[in-house]
Amino acid sequence: MSKGFASNYRIVLLATGLFACFAGLGVRLVWLHIIDREELLRSVAKARRQITVEEARRGDILDTKGNLLATSRSLIVLGVDPTMLRKEDEAKWPLLAALIGMPLAELRETLTTKLLVSAPAAPARPAPIAAPKSPEHPPIEFKFSGSSLPFSAASETPDRAGNVGDNAAKKEAAGEKRLLPKQYVKLSDNVTETLYAQIEKLGIAGIVRDRSYRRTYPHGQLGAHVIGYVNSAEQPATGIENHADFYLRGQDGWRESERDGHRRELAQFRSREVPRADGYSVVLSLDCNIQDMVEQELAQIVQKFQPEKATIIVSDPRNGFILAMGNYPTFDLNEYGKVPLEAQASMKNIAITDILEPGSTFKIVSIAAGLDQGAVVPSDRFDCNLEEVEYKNRLRALPKDDHHYDHLLNVSEIVARSSNRGAAQIGMKLGEQRLYDYARAFGFARPLGFPTGGEVAGILAKPEKWSGSDITRIPMGHTISATALQMHQAMCTIATGGVLLRPQIIREIRDAAGEPVNRYDRVEIGRAVSERTAHTMAQMLVGVASKEGTAPEAAIPNFEVAGKTGTTQMLLPEIDSKGNRTLRYSEKHHIGSFVGFFPASNPQIAITVVVHNADGRLPGGWGAKVAAPSFKKLGEQLISYRNITAAPAPIVERGVFAAQGNRP
């Protein structure tokens with residue numbers, strides 16, 4: 001055979017090799033398209049599948065007049081894909097920088113830094129890569145490590161895994177830096193809808209956005225403890241935000257579709273779409289104007305007395321709805337994350353979380369219970385100079401009184417002059433069990449169901465656990481602990497004609513269209529005393545704010561004010577010589593309070609003022625001095641604001657029954 005031809009052996013070997021290659025290719029095709037087809041399709045579908053979540057807008061919290069207390073502001077997270085930038089858009093960059101408030105130099109640096117370093121390597125700097133010239137799209141110079149690096153998509157093309165080609169692999173093997181394309185850079189996370197509309201008009205290619213909502217509180221600290229806040233993880237933390245989260249949060253929408261190689265949605269392949277459902281709005285009984293009055297008055301109390309803490313509650317006693325609830329210290333809802341650890345007690349709603357001895361304000365319970373049970377009538381007289389009284393065949397020491405009396409006091413005088421010994425003797429006429437039952441009926445030692453959460457029940461031991469002196473101390477408000485809200489609702493029970501109401505703050509729920517879906521009304525917990533007893537007690541309480549009473553500072557000209565002062569010693573821990581820690585009444589630290597309502601014959605407003613430890617400026621911390629003046633000041637403001645008139649009272653309510661001296 002001529003040497004110009006291949007041998008038969010070589011031909012067979014070449015044919016065998018070609019056949020093996022085609023056979024292998026065929027087997028691979030059969031494997032991919034027949035045997036492993038379903039798994040392959042699932043992998044492709046998974047890679048292309050895209051679920052886009054459309055965030056629901058959280059509902060607003062409004063005051064009773066429709067003022068925004070909490071709202072969700074729509075914000076755009078603005079970003080850019082540097083790989084999609086066009087040279088012709090560079091002239092628009094100064095406008096973009098001005099709109100988003102970013103220095104032009106910083107924006108240019110951000111937009112032109114297209115390449116990232118995957119890992120630190122040798123300090124050698126990559127040589128410039130020559131970019132092909134195009135008359136239609138001139139190359140944009142992108143900066144890298146301070147140098148000017150023309151970028152060429154042809155020279156460093158990333159594969160599907162985001163890696164650059166063989167050229168980059170060789171550089172990495174040679175100890176050079178490996179370059180990866182940067183596909184997204186955030187420009188701003190605080191772009192409003194209006195601002196984004198202006199940015200969109202610029203028509204800059206590569207600009208991308210993601211819409212989100214940010215919770216904001218237009219009035220800062222106003223009503224902070226009632227409203228509560230949503231934390232950085234978009235979780236409701238406290239207050240109405242937490243309690244009404246079911247209504248406020250809404251339901252996110254989503255759509256399932258496919259995406260292309262640039263991660264852009266292919267809308268024509270949407271397979272499922274669920275629209276979002278925005279949250280409902282919650283309307284409170286809180287009134288921004290009244291809340292502002294309360295918080296300004298708290299600021300005045302702080303400036304004047306420098307107390308440890310203070311609380312003011314304002315409500316409509318006819319229905320139990322809270323019009324204002326303020327505490328000191330407080331915080332700004334928009335800055336909740338900046339409250340230092342040592343000051344985080346300011347974030348508690350102390351009106352419902354902190355307990356105190358109600359002191360003389362509790363005398364309304366023991367005396368009203370005595371009247372209701374017929375144990376006493378208003379004309380009954382007691383010797384309030386006695387130091388001991390026999391009770392159940394034992395002499396019981398009576399508590400101290402602030403004054404010595406030159407005559408026997410009737411029940412009305414015991415109320416007006418806040419006699420501890422008089423209240424103790426009335427309590428003993430009732431007995432332990434009846435006194436305990438009436439305290440519970442007035443809302444003490446039980447949660448009242450205030451909807452913001454964190455409410456405590458207070459402390460009142462059952463009668464079988466009372467000590468021998470408790471029957472003389474509890475009627476005057478000692479050895480019992482309650483919240484400011486419980487003290488407030490007990491006084492409101494007298495104003496309502498003897499019915500304990502649930503304190504409420506939510507007025508109605510509105511859907512996303514603003515239509516009411518649920519309304520809240522007065523809720524009665526139960527009757528504490530008869531209506532006749534409540535009216536009699538109300539008229540007795542008018543004497544407290546008279547010249548002969550303990551709080552003439554609370555009197556409002558031309559209005560009947562029914563109220564009660566309270567001054568109690570604070571229970572503070574002491575360490576004895578053996579290192580034991582015990583609670584003892586302090587002679588230097590007091591809590592002063594005033595709880596009342598007006599007009600007494602036609603109650604329309606109830607106000608509670610509690611001031612803790614104002615002794616630094618006013619030794620004794622008397623309720624008549626630190627709390628009653630604030631009651632009067634707020635009352636006078638509310639008369640004008642709510643157009644309250646002093647309606648004449650029916651004869652039976654003005655004390656005829658009290659003067660008769662008949663037992664009910």
Side-chain angles (χ1 to χ4, degrees), residues 55-78 100-101 186 188-196 210-245 247-250 278-299 302 309-312 322 324-353 451-454 505-506:
E55 185 180 350
R57 182 183 182 278
R58 189 173 180 83
D60 296 332
I61 299 177
L62 311 170
D63 83 338
T64 191
K65 294 189 174 180
N67 297 306
L68 279 174
L69 298 173
T71 188
S72 293
R73 193 157 51 107
S74 176
L75 292 176
I76 301 295
V77 178
L78 191 71
I100 65 176
K186 185 169 72 172
S188 175
D189 59 0
N190 196 26
V191 176
T192 64
E193 293 281 358
T194 304
L195 183 58
Y196 178 70
D210 185 22
R211 179 176 284 102
S212 65
Y213 294 97
R214 181 173 299 173
R215 202 64 167 166
T216 186
Y217 303 92
H219 297 283
Q221 73 175 30
L222 193 75
H225 299 104
V226 173
I227 299 167
Y229 63 91
V230 175
N231 63 25
S232 58
E234 293 301 313
Q235 297 298 318
T238 59
I240 293 297
E241 289 279 26
N242 183 58
H243 173 77
D245 182 59
Y247 296 108
L248 290 166
R249 67 173 178 260
D278 289 341
Y280 287 1
S281 293
V282 175
V283 182
L284 306 184
S285 59
L286 216 66
D287 187 314
C288 274
N289 293 322
I290 301 177
Q291 184 70 30
D292 185 57
M293 295 175 196
V294 163
E295 297 195 13
Q296 287 191 39
E297 186 59 29
L298 282 169
V302 172
K309 51 188 176 181
T311 294
I312 297 179
I322 303 296
M325 179 181 284
N327 300 302
Y328 167 81
T330 187
F331 67 105
D332 188 331
L333 288 169
N334 295 306
E335 305 290 339
Y336 70 88
K338 297 181 181 179
V339 178
L341 185 62
E342 63 274 12
Q344 288 189 357
S346 66
M347 303 174 78
K348 291 195 308 177
N349 185 357
I350 61 174
I352 63 173
T353 63
T452 60
I505 195 73
I506 300 178

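- The CD atom of Q296 lies 11.0 Å from the CD1 atom of I312; values are rounded to the nearest 0.5 Å.
- You'll find the side chain of K309 stays beyond 4.5 Å of the side chain of N327, heavy atoms only.
- With sequence neighbours excluded, the residues satisfying side-chain contact (heavy atoms from CB on, under 4.5 Å) with P236 are R58, E241, N242, D245.
- Put simply, the side chain of H225 never gets that close to the backbone of Y328: no donor and acceptor are under 3.5 Å apart.
- By the 4.5 Å heavy-atom criterion applied to side chains, T192 and I76 are not counted as neighbours.
- Side-chain contact between L62 and N67: absent, with no pair of heavy atoms (C-beta onward) separated by less than 4.5 Å.
- Minimum heavy-atom separation, P218 to T216: CD-O, 3.6 Å.
- Counting only distance, with no hydrogens or angles, the side chain of T452 and the backbone of I240 share no donor-acceptor pair below 3.5 Å.
- Nearest heavy-atom pair, A310 versus L298, reported as atom, atom and distance to 0.1 Å: CB-CD2, 3.8 Å.
- Counted within 6.0 Å of OH on Y217, heavy atoms from surrounding residues, nucleotides or ligands total more than 12; the atom is thus considered enclosed.
- If you take OG1 on T311 and CG on N349, they are separated by 7.5 Å, rounding to the nearest 0.5 Å.
- Side-chain polar atoms of D60 and T71 form a donor-acceptor pair below 3.5 angstrom.
- The shortest non-hydrogen separation linking A56 to G250 is CB-C, 4.2 Å.
- Among residues two or more places apart in sequence or in another chain, the ring-ring contact (aromatic ring centres under 6.0 Å, His included) test is passed with Y247 by none.
- The closest side-chain heavy-atom distance from L248 to R215 is below 4.5 Å.
- A distance of 4.0 Å separates SG in C288 from CG in D63, rounded to the nearest 0.5 Å.
- When all heavy atoms are compared, the tightest approach of A324 to I290 is CB-CG2, 3.7 Å.
- Here Y213 pairs with nothing under the ring-ring contact (aromatic ring centres under 6.0 Å, His included) rule; sequence neighbours left out.
- Atom-to-atom distance recorded for L222:CG and T330:OG1 is 9.0 Å, nearest 0.5 angstrom.
- By the side-chain contact (heavy atoms from CB on, under 4.5 Å) test, T238 pairs with Y229, sequence neighbours left out.
- Under the 3.5 Å distance criterion, the side-chain polar atoms of R57 are left unmatched by any main-chain donor or acceptor of S74.
- In this view, E297 and K633 satisfy the salt bridge (Lys or Arg N to Asp or Glu O under 4.0 Å) rule, not counting sequence neighbours.
- Scanning all heavy atoms of the two residues, the minimum distance from V339 to Q344 falls at O-NE2, 3.7 Å.
- Contact of the H243 side chain with the I506 side chain is registered, since non-hydrogen atoms from C-beta on lie closer than 4.5 Å.
- Summarising the geometry, atom CE belonging to M325 is positioned 11.5 Å from atom CG belonging to L284; distances are rounded to the nearest 0.5 Å.
- Closest heavy-atom contact between H219 and L68: CD2-O, 3.1 Å.
- Counting only residues at least two apart or in different chains, salt bridge (Lys or Arg N to Asp or Glu O under 4.0 Å) contacts with residues 329-350 comprise E335-K338, K348-D354.
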